[in-house]
Number of protein chains: 2
Amino acid sequence: MPTRLTISDIARKAGVSKTTVSRVLNNRPDVEDKTRSHVLNIIEENNYVPSPIAVGYVKNKTHLIGLVSPAEMHSWQIEVFQGVVAGLKDYNYQLLLLPHYPDEAAESSKEFDRILNNGLADGLIVLHPSLVQSYFQKLSNAELPVVAIDDASSLSNLAIPSIGANNYTGALQAVRHLIGLGHRKIAFIGANNNFRFTRDRLDGYKAAHTQAGLVFNPDFVKIYDEDIVNFRFLQEQIGYKSTLALLAQEKPLPSYTAIFAETDEMAIGVMRALNEHGLRIPDDISLVGFDDLPKASYTTPALTTVHQPTREMGKMVVKLLMDMIDGKIIGQKRHELDTEVIIRASTRAI
Amino acid sequence: MPTRLTISDIARKAGVSKTTVSRVLNNRPDVEDKTRSHVLNIIEENNYVPSPIAVGYVKNKTHLIGLVSPAEMHSWQIEVFQGVVAGLKDYNYQLLLLPHYPDEAAESSKEFDRILNNGLADGLIVLHPSLVQSYFQKLSNAELPVVAIDDASSLSNLAIPSIGANNYTGALQAVRHLIGLGHRKIAFIGANNNFRFTRDRLDGYKAAHTQAGLVFNPDFVKIYDEDIVNFRFLQEQIGYKSTLALLAQEKPLPSYTAIFAETDEMAIGVMRALNEHGLRIPDDISLVGFDDLPKASYTTPALTTVHQPTREMGKMVVKLLMDMIDGKIIGQKRHELDTEVIIRASTRAI
DNA sequence: CTGAAAGCGCTTACAG
DNA sequence: CTGAAAGCGCTTACAG
């Protein structure tokens with residue numbers, strides 16, 4: 001096939017006008033059956049496919065969904081991403097990647113402008129929790145349908161609908177599990193609460209204490225306070241450093257018998273720190289993570305954690321965006337999906 | 001911004017013709033400096049960005065790269081994928097996902113036609129080892145630049161350039177590592193050799209024996225022969241089942257002291273089978289995998305394996321495709337990148 | 001039910 | 001150095 005066939009070629013071969021071919025292509029009712037099947041035959045014979053770029057151009061609709069994410073995705077983001085891809089199966093849309101490269105953080109506003117003005121996508125999915133607020137501001141002003149996944153925007157009441165796990169309940173369940181095992185002194189390790197999910201998980205931790213009639217000890221809550229530029233690479237270190245700080249408080253042995261880490265990556269850092277101090281999991285200290293990353297079942301011991309329905313979240317975000325594009329929905333709502341505690345080998349009764 | 005500005009708006013505001021604006025936009029030299037800077041100012045002031053779809057349409061170039069992959073990517077594919085994204089940073093191209101959904105395998109030819117005729121991408125990256133031959137045939141006939149990653153096409157001499165790890169040398173190194181530790185009887189577990197990489201790894205295993213003056217025992221080579229429809233989900237099972245078959249051959253104890261598994265996923269299956277039979281790694285049997293997946297360092301014991309430079313492969317595939325699109329290269333070559341044995345805890349001297 | 005014409009937002013010869 | 005006109009491959013009123 002040297003040069004691609006156009007609608008004119010098909011019209012000529014079929015002996016009809018381009019208009020009629022276009023009608024057939026778009027399944028318009030106002031075409032005689034005979035004409036339609038004849039044109040369809042010609043199309044079939046010649047293996048003709050209309051140029052998507054021409055169609056997109058004239059219809060002002062590309063059938064492309066832009067996915068804004070860090071260039072280097074974090075394990076959790078990849079899971080959601082795969083859910084998005086799975087969700088797209090049911091729609092006649094394709095996914096365009098709009099990665100954000102962190103080294104351009106300095107001029108990130110410009111970089112984000114480039115992404116936003118890209119003009120190629122009919123809608124945007126934001127899978128980038130640490131996206132700067134000003135960008136969300138711009139997004140919410142844009143005419144483009146946008147939906148976010150576990151984002152920071154919700155903290156400032158921007159008009160962007162979002163989807164996430166029920167982080168509050170998830171944390172509540174996790175800590176309840178520990179309490180159910182007899183633990184009474186449970187430490188919390190997390191990052192600063194610039195993120196909605198970090199805040200919610202801490203709240204869940206506190207609520208579990210309250211509901212069980214326990215008072216949590218603020219000394220046992222380690223919030224890593226430095227600014228988190230690159231959340232992906234810092235998490236393990238946050239877990240590690242926070243645990244060291246926690247251990248330094250009580251010598252030689254800590255009084256808490258369990259630790260709830262805000263993410264699995266942090267939990268892995270916790271494991272490393274405990275290991276180095278000769279503390280055994282779960283014999284000396286029980287440990288619960290959050291996220292249920294694929295690697296959570298490969299740690300030693302396998303990590304008890306809170307499962308997030310990442311695939312479902314990906315699928316749901318697609319459906320939501322599609323509804324927005326179709327004008328069926330004027331979003332702005334927050335949707336939360338249920339979590340589940342996955343009990344593995346890092347927790348035990350005392 | 002209610003309606004988007006067009007080049008005509010800018011031309012009017014600047015008091016020049018659309019042609020001149022277009023020249024400025026495209027950095028053509030034949031514009032007076034004064035005119036250029038004036039137009040540039042107007043563009044800047046109005047925050048004007050040319051419609052990529054219109055530009056793509058008229059230039060017949062979308063600046064989009066299509067990535068053909070399974071909808072559900074396998075850990076190794078994700079690593080390469082991230083390399084592709086990283087590689088794209090240096091080019092003015094964006095990535096369009098062209099996932100293949102396996103349930104449509106029945107009519108996969110049609111499904112692949114849809115992808116191929118998509119017409120939106122200026123070039124294609126195929127990250128889908130089990131892609132059917134007929135599709136590669138079509139790809140090689142298409143006018144579109146295509147480059148594959150560790151594909152099956154090379155087996156049939158199709159004219160598609162490809163990139164992969166040096167699987168032969170990688171396997172050679174892995175088995176040499178075992179031989180260096182004193183192992184003399186080393187089993188091999190792999191899948192059928194419909195894939196170039198499976199064949200090469202087996203060849204490397206054999207070569208290591210030959211070069212060391214050892215004869216390998218064909219009874220110790222377990223090739224899982226059933227057709228592999230969904231490589232992702234079967235690997236762990238292949239490792240598991242093949243190990244069981246291997247163990248059934250010699251009772252109660254095997255005479256080999258090490259196993260080389262063709263992939264890390266298979267190695268994980270091997271671990272499970274050995275565990276169930278009360279054989280300890282590495283005390284009773286040493287184990288080496290291949291791929292160095294992220295989870296390889298989280299297994300118990302941490303897996304000694306062959307590292308593939310997946311990020312580099314991703315970057316390289318982008319560069320190659322860009323050169324092809326620019327007409328700098330008429331590919332067809334196979335490129336291989338070096339591997340490295342990562343020694344962890346699953347191997348030891350005997 | 002069908003077709004001629006205009007137009008989407010750009011670029012590219014062509015002419016000056 | 002600059003602009004008028006044609007054209008890329010479709011769709012969409014409009015007229016019949």
Side-chain angles (χ1 to χ4, degrees), chain A residues 1-43 46-64 92 117-122 143, chain B residues 1-43 46-64 92 117-122 143:
Chain A
M1 42 177 103
T3 62
R4 200 181 166 115
L5 287 179
T6 72
I7 196 173
S8 302
D9 298 319
I10 300 301
R12 190 163 12 81
K13 286 179 198 257
V16 298
S17 70
K18 293 189 296 174
T19 311
T20 298
V21 177
S22 176
R23 285 194 183 102
V24 172
L25 250 16
N26 291 284
N27 270 313
R28 293 280 146 70
D30 51 351
V31 182
E32 203 187 352
D33 280 357
K34 214 180 117 204
T35 311
R36 185 189 307 275
S37 59
H38 176 228
V39 171
L40 246 19
N41 277 338
I42 302 288
I43 288 174
N46 292 277
N47 237 310
Y48 168 69
V49 180
S51 153
I53 183 117
V55 175
Y57 165 57
V58 64
K59 287 194 176 169
N60 204 17
K61 205 145 185 304
T62 57
H63 280 250
L64 252 35
N92 187 22
N117 284 321
N118 158 287
L120 223 41
D122 293 339
E143 68 277 44
Chain B
M1 40 175 106
T3 62
R4 200 182 166 114
L5 287 180
T6 71
I7 196 172
S8 302
D9 298 319
I10 300 301
R12 190 163 12 80
K13 287 178 198 259
V16 299
S17 71
K18 292 188 298 173
T19 311
T20 297
V21 177
S22 176
R23 284 195 184 100
V24 171
L25 249 16
N26 290 283
N27 269 313
R28 291 281 145 72
D30 50 351
V31 181
E32 204 186 352
D33 281 357
K34 214 179 117 204
T35 312
R36 186 190 306 276
S37 59
H38 176 229
V39 172
L40 246 19
N41 276 339
I42 303 289
I43 289 174
N46 292 277
N47 238 311
Y48 168 68
V49 180
S51 154
I53 185 117
V55 175
Y57 165 56
V58 64
K59 287 195 176 171
N60 204 18
K61 205 146 185 302
T62 57
H63 281 248
L64 252 34
N92 187 21
N117 284 322
N118 158 286
L120 222 43
D122 293 339
E143 68 277 42

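So you know, we letter chains A, B, ... as the sequences are listed, proteins then strands, and number each from 1.
Toward the 5' end of DNA chain D, the nearer of the two residues A/R23 and A/A54, judged by each one's closest nucleotide, is A/A54. DNA chain C is contacted by both A/R36 and A/K18; A/R36 maps to the nucleotide lying nearer its 5′ end (nearest heavy atom per residue). When the nearest nucleotides of DNA chain C are assigned to B/S51 and A/S17 by heavy-atom distance, the more 5′-ward of the two goes with A/S17.
No more than 12 heavy atoms of other residues, nucleotides or ligands shown are found within 6.0 angstrom of CG on B/D33. Atom CG of B/N26 is surrounded by more than 12 heavy atoms from other residues, nucleotides or ligands within 6.0 Å.
No contact: A/S8 has no heavy atom under 4.0 Å from any strand. Note on B/V58: a base of the nucleic acid sits closer than 4.0 angstrom, heavy atoms only.
Taking every nucleotide of DNA chain C with any atom under 4.0 Å from a non-hydrogen atom of chain A, the first and last of them, 5' to 3', are C/dC1 to C/dG9.
Distance alone, capped at 3.5 Å, places no donor-acceptor pair between the B/R36 side chain and the B/N27 backbone. Remark: the backbone N or O of A/S22 is not paired with any side-chain donor or acceptor of A/R28 at under 3.5 angstrom.
Residues A/L25 and A/I10 have side chains not in contact (no heavy-atom distance under 4.5 Å, counting atoms from C-beta outward).
In this structure, a donor-acceptor pair under 3.5 Å is present between the side chains of B/T20 and B/S17.
In DNA chain D, runs of at least 3 stacked Watson-Crick or G-U pairs (N1-N3 plus N6-O4 or O6-N4, or N1-O2 plus O6-N3, all under 3.5 Å) give these stems: C:1-3 with D:14-16, C:5-12 with D:5-12, C:14-16 with D:1-3.
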